[in-house]
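All residue numbers in this chain count up from 1 along the given sequence.
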Amino acid sequence: MKKNYLWILLILSIGTSCSTEKAVPAKPEISQHQLYIDALAEVQDKILASRIDSVFSNSGFNGSVSVTKAEKLIYKRVAGFEDFRTKKALTDKSVFAIGSVSKQFTAALILALEEQGKLSTADLAGKYLKSFSRKPFDKITIHQILNHTSGITDVGPGLISKPGAEFHYSNRGYRVLGEIIEKVSGKSYDDNFRELSRKAGMVSSFTADHFEGEYLAGAYFGSPERYKAVPNMPERLAQATISVAAGGVLSTSADLHKWNLALHEGRLFKTETLEKMRTKTSGTKHPILGEVGYGYGIMMSESPRAYFHSGYVKGSPSLLIYYPASGTSVVILSNIADMDKGKAFVFGPHKKIKEIMDGMERNKLWNLN
């Protein structure tokens with residue numbers, strides 16, 4: 001009995017001493033593999049920065065270029081002027097006209113209405129617009145307008161091809177989609193855009209006739225040495241010849257990264273809706289970027305897998321890219337264009353940066369981190 005009692009006292013004393021001893025948390029160990037990945041990422045980021053910096057220096061690029069990967073900013077450079085007349089410099093806050101990149105928002109608004117059961121992309125446009133209930137427009141579907149196979153032409157009356165037969169890029173078609181959005185939702189396009197952009201977390205994006213603030217990157221023709229301002233900016237983008245739904249959205253680099261992430265990471269739609277938007281249903285040879293597939297308001301390529309859209313309104317060339325394999329978002333914005341030298345020259349920096357990013361994306365090491 002005495003032995004049992006002594007054993008109990010010993011066990012209690014050990015338990016008491018252990019419980020009063022302060023535990024020292026173990027430091028998390030970083031594996032050799034992770035150290036290698038981190039070092040590799042640092043080297044890759046420096047290589048990327050060097051290559052894009054060379055585009056700035058070789059082209060005298062006036063604008064903003066930024067790259068995020070897995071929501072981490074890995075490159076940013078802003079150079080040149082927001083206002084060439086006053087020499088006010090571009091900043092992170094500068095708001096650019098993004099041209100046809102606006103079409104992504106219009107396509108998304110149509111798909112949002114479809115998710116709500118208010119329309120179907122298979123519907124005839126004439127179901128909502130009387131002007132499309134008559135020949136030769138009475139067979140055109142919303143789907144065909146979204147992927148530019150409706151035959152609607154930007155010049156002259158009538159159709160350029162039979163609905164569904166051929167790809168013909170149509171700004172007028174997206175203006176029509178804007179009208180359908182307003183008809184079905186009972187709200188202005190501007191209100192619809194405002195709701196969608198806020199859902200995506202965007203805080204500094206506007207439609208052309210509702211711009212607010214002091215950081216407008218005015219649009220210019222020519223070169224930084226010999227320039228001419230594009231008049232009536234940004235209000236001119238809301239005119240019927242362009243239209244907000246086809247090319248009248250204004251945004252910042254930071255907001256467009258938020259848009260890329262919200263859209264492609266499935267924060268705005270059901271999975272099947274996002275895939276519907278990103279499924280190739282037509283295609284064309286882009287004058288700058290070559291052969292591209294086209295879904296709903298979005299272009300795509302397979303090697304590497306990328307979703308993108310270029311944009312141009314007078315004086316404002318832009319390009320928005322997203323690489324799903326690595327979660328990389330690229331925003332290229334400018335506010336001057338020397339069109340006397342042609343679009344190939346104007347979009348030369350954009351194309352070069354996309355080639356750099358495509359090369360990085362094809363490198364298997366890029367996707368390790």
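Under a 3.5 Å cut-off, the side chain of Arg175 and the backbone N or O of Ala240 do form a donor-acceptor pair. Between the side chain of Arg267 and the backbone N or O of Ala200 there is no donor-acceptor pair closer than 3.5 Å. Under the 3.5 Å distance criterion, the side-chain polar atoms of Lys69 are left unmatched by any main-chain donor or acceptor of Ser326. In terms of modelled atom types and a separation under 3.5 Å, the side chain of Arg198 and the main chain of Met202 share a donor-acceptor contact. Between the side chain of Thr106 and the backbone N or O of Ala245, at least one donor-acceptor pair lies under 3.5 Å. Remark: the backbone N or O of Pro304 is not paired with any side-chain donor or acceptor of Glu361 at under 3.5 angstrom. Not a single donor-acceptor pair under 3.5 Å links the side chain of Thr284 to the backbone N or O of Phe167. For the pair Ser318 (side chain) and Ile98 (backbone), a donor-acceptor distance under 3.5 Å is present. With hydrogens and angles ignored, the 3.5 Å screen pairs no side-chain donor or acceptor of Ser334 with any backbone N or O of Gly63. Within the 3.5 Å criterion, the main-chain N or O of Thr153 finds no donor-acceptor partner in the side chain of His168.
Not counting sequence neighbours, the partners of Thr273 by the side-chain hydrogen bond (donor to acceptor under 3.5 Å, both in side chains) test are Glu115. Residues satisfying the side-chain contact (heavy atoms from CB on, under 4.5 Å) criterion with Phe345, sequence neighbours excluded, are Asp338, Lys341. Applying the ring pair (Phe, Tyr, Trp, His ring centres under 6.0 Å) criterion to Tyr307, with sequence neighbours excluded, gives His264.
Under 3.5 Å, the side chains of Tyr220 and Asp83 contain a donor-acceptor pair of N or O atoms. Remark: the Thr207 side chain and the Asp190 side chain contain an N/O donor-acceptor pair separated by less than 3.5 Å. Judged by distance alone, the side chains of Ser253 and Ser66 do bring a donor and an acceptor atom under 3.5 Å apart. Looking at Tyr296 and His143, their side chains do bring a donor and an acceptor atom within 3.5 Å of each other. Inspection of the Ser205 and Asp255 side chains reveals an N or O donor paired with an N or O acceptor under 3.5 Å.
Nearest heavy-atom pair across Val313 and Ala97 is CG2-CB, 3.9 Å. Minimum heavy-atom separation, Gly311 to Phe347: O-CZ, 3.4 Å. The two residues Tyr227 and Ile336 make their nearest non-hydrogen contact at CB-CD1, 4.3 Å.
Between Asn171 and Lys103, some side-chain heavy-atom pair lies under the 4.5 Å cut-off. Using a 4.5 Å heavy-atom cutoff, the side chains of Ser120 and Glu114 are in contact. Here the side chains of Leu90 and Phe81 are not in contact, with every heavy-atom distance at 4.5 Å or above. Considering only heavy atoms from C-beta on, Met339 comes within 4.5 Å of Val346 through its side chain. Contact of the Ile145 side chain with the Thr141 side chain is not registered, since no non-hydrogen atoms from C-beta on lie closer than 4.5 Å. Counting heavy atoms from C-beta on, the side chains of Leu196 and Trp259 come closer than 4.5 Å. When side chains are defined from C-beta on, Ile180 counts as touching Ile142, because their heavy atoms get closer than 4.5 Å. Counting heavy atoms from C-beta outward, Ile242 and Gln239 have side chains that stay 4.5 Å or more apart.
A salt bridge (charged side-chain N to carboxylate O under 4.0 Å, His left out) with Glu82 is found for one member of Lys93, Lys88, Lys87 and no other, namely Lys88.
Using a 30° and 60° split on the angle between ring planes, Phe193 and Tyr189 fall in the parallel class, below 30°. Between His309 and Tyr294, the two ring planes are perpendicular [angle over 60°; tilted spans 30° to 60°].
Using a 4.5 Å cut-off between side-chain heavy atoms of Ile, Leu, Val, Met, Phe, Trp and Tyr, with links allowed through other members, Ile356 and Val78 fall into the same hydrophobic cluster. Linking Ile, Leu, Val, Met, Phe, Trp and Tyr whenever their side-chain heavy atoms come within less than 4.5 Å puts Leu111 and Ile181 in one cluster. With hydrophobic clusters built from ILVMFWY side chains whose heavy atoms lie under 4.5 angstrom apart, Leu274 shares a cluster with Leu268. Under a hydrophobic clustering in which Ile, Leu, Val, Met, Phe, Trp and Tyr are joined whenever their side-chain heavy atoms come within less than 4.5 Å, directly or via other members, Leu146 and Tyr128 fall into the same cluster. Two different hydrophobic clusters hold Ile321 and Leu261 under the rule that ILVMFWY side chains link at heavy-atom gaps under 4.5 Å.
When the shell of 6.0 Å around NZ of Lys72 is examined, it contains 12 or fewer heavy atoms from other residues, nucleotides or ligands. More than 12 heavy-atom neighbours from other residues, nucleotides or ligands sit within 6.0 angstrom of NZ on Lys276.
Here the straight-line distance linking atom OG of Ser133 with atom CG of Leu124 works out to 10.0 Å at 0.5 Å rounding. Distance CG/Leu177 to CG/Leu113: 11.0 Å, rounded to 0.5 Å. Here the CG atom belonging to Leu256 is positioned 10.0 Å from the CZ atom belonging to Phe96, to the nearest 0.5 angstrom.
Taking the six-membered ring for Trp and the full ring otherwise, the centers of His257 and Tyr322 sit at least 6.0 Å from each other.
In this structure, Arg305 is not positioned above the aromatic face of Tyr323 in the sense of NZ or CZ being under 6.0 Å from the six-membered ring centre and within 45° of the axis.
One finds a salt bridge joining Lys127 and Asp123 here, because a Lys/Arg side-chain nitrogen approaches an Asp/Glu carboxylate oxygen to under 4.0 Å. Salt-bridge check for Lys280 with Glu302: failed, with every basic side-chain N at 4.0 Å or more from each acidic carboxylate O. In summary, Glu42 and Lys46 engage in a salt bridge, as defined by a charged side-chain N under 4.0 Å from a carboxylate O. Using a cutoff of 4.0 Å between basic side-chain nitrogens and carboxylate oxygens, Lys76 and Asp92 are scored as salt-bridged.
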**Request:** Give the C-alpha distance, both sets of side-chain angles, the deciding distance and a yes or no for side-chain contact (heavy atoms from CB on, under 4.5 Å) between Val230 and Arg236.
**Result:** CA-CA 9 Å; Val230 176; Arg236 65 178 294 273; 3.8 Å; yes
